Participant: 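Below you will find the structure I want to go over with you.
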Amino acid sequence: MAEAADFQGTSPSPARRWLRRTGALLAGAPLLAGLCQLTTAAPAQAADDSGSVSVAVDTLSPSAPTDGDTLTVSGTVTNNGKQAVTAAHVGLQVGPELNTRSSIDTVTDDKDSLQGATGSEVGGKYVAKFAKLTPGVAEHFSISVPVDELDLGDAGVYQFAVSLSGKTSAQPWDRTLGIQRTFLPWQSDEVDTKTKTTFLWPLISTVHMTAETGSNAQQTPVFLNDDLAEEISAGGRLDQMLSLGENLDVTWVIDPDLLASVDAMTRSYRIQGEGDTTTAGTHQALAKQWLAKLQNTVEDKEVVALPFADPDLASLAHNGTSVTGSLSHLDEATDVAATTVRTVLHVTPSTDFAWPVNGAVDPSIVKVATSAGADKVIARSDSLQETAGLSYTPSSPRPIGGGTTAVVADARLSTAFQGDLTRASSASLAVQRFLAQSLALDLQTDKQRSIVVAPQRMPTASQADAMAEAITALQGGNWSQTQKLAAAAAAKPDPEATTKVPSASAYPSSLRKQELPKSAFQQIASTQNKLDNFKVILSDQSRVVTPFGRAVNREMSTSWRGRAIEASGFRNDVEAYLDELISQVSLIDKSETKLSGRSATIPVTVQNNLVQGVEHLRLRLTSLSPNRLEIGGSSYYEQPVEVSGGHSQTVKFTTTANANGKASVIAQLYTEDGQPYGDAVKFDVKVTEFTATVMLVIGGGVLLLVLAGFRMYTQRKRAAARAAEQNGPDDEAAETVDGPENPGGPEDRLKEESGTGTGAGAPEQPSDLTADTATESADPSGTGERVDR
């Protein structure tokens, strides 16, 4: 009735308008809520299904197609969602041309993103259809399409996508559920100016040999483990590197330590076990086979030898140069490198190149790298970055002063094969990205350029496979030609390219954290100092100097990066083994010695448990109480020592006692240059001199003997005179014949009876002196005396 009163053309009251609007809102609230749920549910569901299917492109062949080729794409699609996908198909899409190298990086970062342009689908019969994709089940696909059907334009790098479209029960319309982006380098004809490309093929491993060798003539080496056998066996990392590199035109970069280790395996060798035990190595035939294959492979190839054991140049530059003697180890490692390669591989390598980790350089690294004779440093473009704003990638060689050339490897190409490439899709993407970057680089300019690729030092087997596939495609392509590293380094530098070495502050902190610390170089210096003192006493220094010299080189190896605990353990083991050898030449401990009388000799024994003889040693005996006990007429005396292997020598020192009491004596071995060798032996000598009372007793005894002899003599004279008077002249003549001078006469018999004779059988008298220390020759005893073990 109230509403009937509102006639047309009249305005309702404000209260009535408010009531009607409130009622309309309340009545429409449920409907608005339902609409809101519908509008929000669709995007949420879409978010759940977007990218729910993973697409993996395992092969793309040929990697760099040309006119007339048929491109085959194969891989797998896997439904990772909770709902089945129906009416699905895999299609190929050719995206826009990528004109810059950075745009290739962008696509790589977004390789499986559903966002972004992908181009139109080739369609038609060039698809792979699936009626249903069950959750969690991988389905294989393979599509072959003539390159002409791809409608590729000018030469360049094209984004190439493989996508899966389908429906779900939640959203029953066709849409893209998964995608994998990769690259299609397109250069149908040979370019007028090809890029000269050098690819380094590194044969480098970790440290495998210890400093320990056998006591036999062959000095049987001892290995840390049997890992090297696994690496060179069929399917192993180094076997793959050799088998793949055999057919590639690459520059071989070799660590001579690897060659020395495999060469040692061709003969008798042993492997460390638990405690001090070792077991016999059994892979001699495998080592001979791998080494022979390598010799044949590099016979006519360029070989670059790194310093022995691939020393960590950055660690040495940042933490080692302040430790005396550290740089000398780099010199030794460089000197032995060429000799090792020539001996094992029968080729003459180049030793002009230094290769810091990841090509990261600063002034101190360059200085250290060139200190051992190298005049070329392999850097990388993400370290020696361009500052002139060039629109193209310049050639690798850069003169950086002091007659040194920085050979700058391209960072994008060099890092293309890092990461886990065990999955075929990852390896395929790495290959296509490498080829795309190479072609994009070539298309930047018409200038002839020399580009170097320096991959990671120790590629895995799967990374090596991908590298070999990419190099094969590149060497068969139309835009690149191979070049040796020496030629690349000698190429004409680009005048606009940067030649400024970055400062130390620009060195990556991630790499600095992995460096050998200063304490490592201090320990190396300590070990070397011990070795220097030890070797001077050896009759055959090479048996010790060579294995320990190489072990010191291995302590500085780049392969210890990221393995600080293992590196420290290796250094400790080397030093401990050297200490053990040094201790094999030592003085035998002595207990307290008693010395009666004014002079006697003191023996000191030197024991040599080494296999070889020792020489150039001096044994010094020092009295700490020279007023009581002198040695050789002074406070100390020393004598030369030479001891055959496995023997001992006793050295005797003449001493003089000046007073009663206890005197401390120190025996110490010294090298000829005056350096103490081994531990000193300290012992006491108890001196007991003769007192006045003892001298009176001795003197009285002697006087009694003289008087007794005189009395016996007079009695015999008187008896002889009486006999002469009684027997007459004839008997006197007989007395003369049988007189004292006749040995068989009564006088002699009387002497024998009285015990006063001087023969060897004369009995000792109670007053005879017996020294506690026997008076023997002071000359050193012979070296043929066997050690009691």
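As the structure is a computational prediction, the values presented were derived from the model and not from experiment.
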Participant: May I have all residue pairs that pass side chain to side chain donor-acceptor pair (under 3.5 Å) and include part of residues 339-360, sequence neighbours excluded?
Facilitator: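 Qualifying pairs: none.
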Participant: So, do Leu228 and Thr206 sit near enough that their side-chain heavy atoms are less than 4.5 Å apart?
Facilitator: no
Participant: Do Gln523 and Glu575 pair up side chain to side chain, a donor and an acceptor below 3.5 Å, judged on atom types alone?
Facilitator: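 Yes, Glu575 and Gln523 have a side-chain donor paired with an acceptor closer than 3.5 Å.
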Participant: Are Leu581 and Phe534 close enough, and set up right, to give a side chain to side chain contact (heavy atoms under 4.5 Å, CB included), and what steps lead you there?
Facilitator: CA-CA 9 Å; Leu581 291 182; Phe534 182 45; 4.1 Å; yes
Participant: State whether a side-chain donor-acceptor pair under 3.5 Å links Asp249 with Thr482.
Facilitator: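 There is such a pair between these side chains.
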Participant: If the plane angle is over 60° it's perpendicular, under 30° parallel, otherwise tilted; pick one for Tyr637 and Phe653.
Facilitator: perpendicular
Participant: Among all residues two or more places apart in sequence or in another chain, which pass the ring-ring contact (aromatic ring centres under 6.0 Å, His included) test with Tyr269?
Facilitator: Phe223
Participant: Considering all heavy atoms of both residues, which atom of Glu302 and which atom of Thr251 are nearest to each other, and what is their separation?
Facilitator: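 In this case the closest contact between Glu302 and Thr251 is OE1-OG1, 2.6 Å.
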Participant: Taking Glu231 first and then Arg237, would you say they form a salt bridge - that is, a charged N and a carboxylate O separated by under 4.0 Å?
Facilitator: yes
Participant: Compute both the distance and the angle, then confirm whether Arg620 meets the cation-pi test with Tyr636: under 6.0 Å from the six-membered ring centre, within 45 degrees of the axis.
Facilitator: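 Arg620 over Tyr636 ring: yes.
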Participant: Are Arg561 and Asp312 close enough for a salt bridge, meaning some N to O gap below 4.0 Å?
Facilitator: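 Asp312 and Arg561: salt-bridged.
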Participant: Considering non-hydrogen atoms only, spot the tightest contact between Met241 and Ala464 and give its length.
Facilitator: SD-CB, 3.4 Å
Participant: Looking only at side chains, do Ser315 and Glu515 share a donor and an acceptor under 3.5 Å apart?
Facilitator: no
Participant: Answer with yes or no whether the side chains of Thr370 and Lys376 bring together a donor and an acceptor at under 3.5 Å.
Facilitator: no
Participant: Cut-off 3.5 Å, side chains only: do His208 and Ser205 have a donor facing an acceptor?
Facilitator: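 Indeed, the side chains of His208 and Ser205 share at least one donor-acceptor pair under 3.5 Å.
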Participant: Who are the side chain to side chain donor-acceptor pair (under 3.5 Å) partners of Asp420, not counting sequence neighbours?
Facilitator: Thr422
